[in-house]
Amino acid sequence: MKVTCNQERLTKALGVIGRAAGQRASLPILSHVLLAATQAGRLQLAATNLEISICCWISSQVEAGGAAAVPAQALGELVQRLPAEEVTLTVNEDKRKVRVTAGRVQANLNAADREAFPLLPGIEGETAQLPAKHFKELVNQVAFAAAGDGGR
């Protein structure tokens, strides 16, 4: 896999999906983010803690397709500190390392096997679209009833 994308978009996407990646997960793979590149010019980022799953797609230049699971926290912190340039993500032949390059900065991260990452559930049935403003209003109307901790 070899993908080039915008640093700002990648940072924002990692921030969104990082909420689903568990810091102290029971399975080590749940603290990873799945990077999957397709030839359609999009990079998919996905994370799950087996209760919720978040997927995000960003536009990118895909030179070679593929997938790898990378520690979410390490990748997020690294990409956030990179210069505001194009970021290149390259997975080596044995899919055990991901090289992150931006300008003169290069870093290697250990990757987990893509097959170890849990399958993400699909959406079945009918879906509806709702403007974000209205959705936020609806959540604010019921958020007071949610428990602050698991003790209740």
Side-chain angles (χ1 to χ4, degrees), residues 1-129 132 135-136 139 143 146-151:
M1 177 178 91
K2 186 170 184 180
V3 177
T4 303
C5 56
N6 181 283
Q7 183 267 347
E8 186 176 322
R9 287 184 190 151
L10 184 58
T11 300
K12 187 174 181 179
L14 287 168
V16 169
I17 66 160
R19 296 179 182 137
Q23 300 285 330
R24 294 178 245 39
S26 58
L27 298 172
I29 195 69
L30 297 180
S31 65
H32 287 58
V33 59
L34 178 66
L35 304 173
T38 63
Q39 296 298 341
R42 298 190 325 168
L43 175 65
Q44 178 188 15
L45 296 93
T48 184
N49 62 9
L50 299 180
E51 288 184 15
I52 63 168
S53 300
I54 301 176
C55 291
C56 185
W57 289 267
I58 59 173
S59 61
S60 61
Q61 298 170 352
V62 179
E63 292 181 36
V70 183
Q73 184 175 4
L75 181 62
E77 290 175 1
L78 173 64
V79 171
Q80 190 174 18
R81 288 176 173 74
L82 290 175
E85 299 179 11
E86 294 294 307
V87 176
T88 302
L89 304 168
T90 309
V91 178
N92 67 355
E93 297 296 323
D94 63 358
K95 299 182 180 180
R96 294 290 179 217
K97 297 269 186 204
V98 174
R99 172 170 279 181
V100 181
T101 308
R104 296 180 3 188
V105 178
Q106 290 186 2
N108 289 317
L109 294 172
N110 291 329
D113 194 14
R114 190 267 178 261
E115 285 76 31
F117 198 82
L119 293 175
L120 300 175
I123 298 175
E124 296 179 12
E126 294 188 30
T127 61
Q129 290 188 348
F135 182 71
K136 185 176 179 181
V139 169
D149 59 23

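For residues 4-17, no pair satisfies salt bridge (Lys or Arg N to Asp or Glu O under 4.0 Å), with sequence neighbours left out. Within the structure, no pair that satisfies the salt bridge (Lys or Arg N to Asp or Glu O under 4.0 Å) test touches residues 65-86, not counting sequence neighbours.
When all heavy atoms of Ala37 and Val3 are compared, the closest pair comes out as CB-CG2, 3.3 Å. Residues Ser60 and Leu43 approach most closely at OG-N, 3.5 Å, considering heavy atoms. Pairing each heavy atom of Ile54 with each of Val16, the nearest pair is CD1-O, 3.7 Å. Between Gly76 and Leu14, the shortest heavy-atom distance links the atoms CA-CD1, 4.0 Å. Closest of all the heavy-atom pairs between Ala20 and Ala47 is CB-O, 3.6 Å. In plain terms, the two heavy atoms of Leu10 and Cys5 that are nearest each other are CD2-SG, 3.9 Å.
Put simply, the side chain of Leu35 reaches to within 4.5 Å of the side chain of Val70, judged on heavy atoms. Put simply, the side chain of Asn92 does not reach to within 4.5 Å of the side chain of Arg99, judged on heavy atoms. Contact annotation: the side chain of Val98 never approaches that of Leu75 to less than 4.5 Å [non-hydrogen atoms, C-beta and beyond]. Between Pro83 and Gln7 the shortest side-chain heavy-atom distance does not fall below 4.5 Å.
Note: Leu89 CG to Thr101 OG1 = 8.5 Å, rounded to the nearest 0.5 Å. Interatomic distance, CD1 of Ile58 versus CD of Gln44, reported as 11.0 Å (0.5 Å rounding). Taken to the nearest 0.5 Å, the OG1 atom of Thr88 stands 9.5 Å off from the CD atom of Gln106. Distance check: Phe117 CZ to Leu30 CG gives 7.5 Å after rounding to the nearest 0.5 Å.
Atom CD of Glu115 sits in a crowded spot, with more than 12 heavy atoms from other residues, nucleotides or ligands closer than 6.0 Å. Within a 6.0 Å radius of CD1 in Ile52, more than 12 heavy atoms belonging to other residues, nucleotides or ligands are found.
With Pro118 as the fixed residue, the side-chain contact (heavy atoms from CB on, under 4.5 Å) test singles out one of Leu34, Asn49, Thr48: Thr48.
The closest donor-acceptor contact from the side chain of Asn108 to the backbone of Lys97 lies at 3.5 Å or more, if one exists at all.
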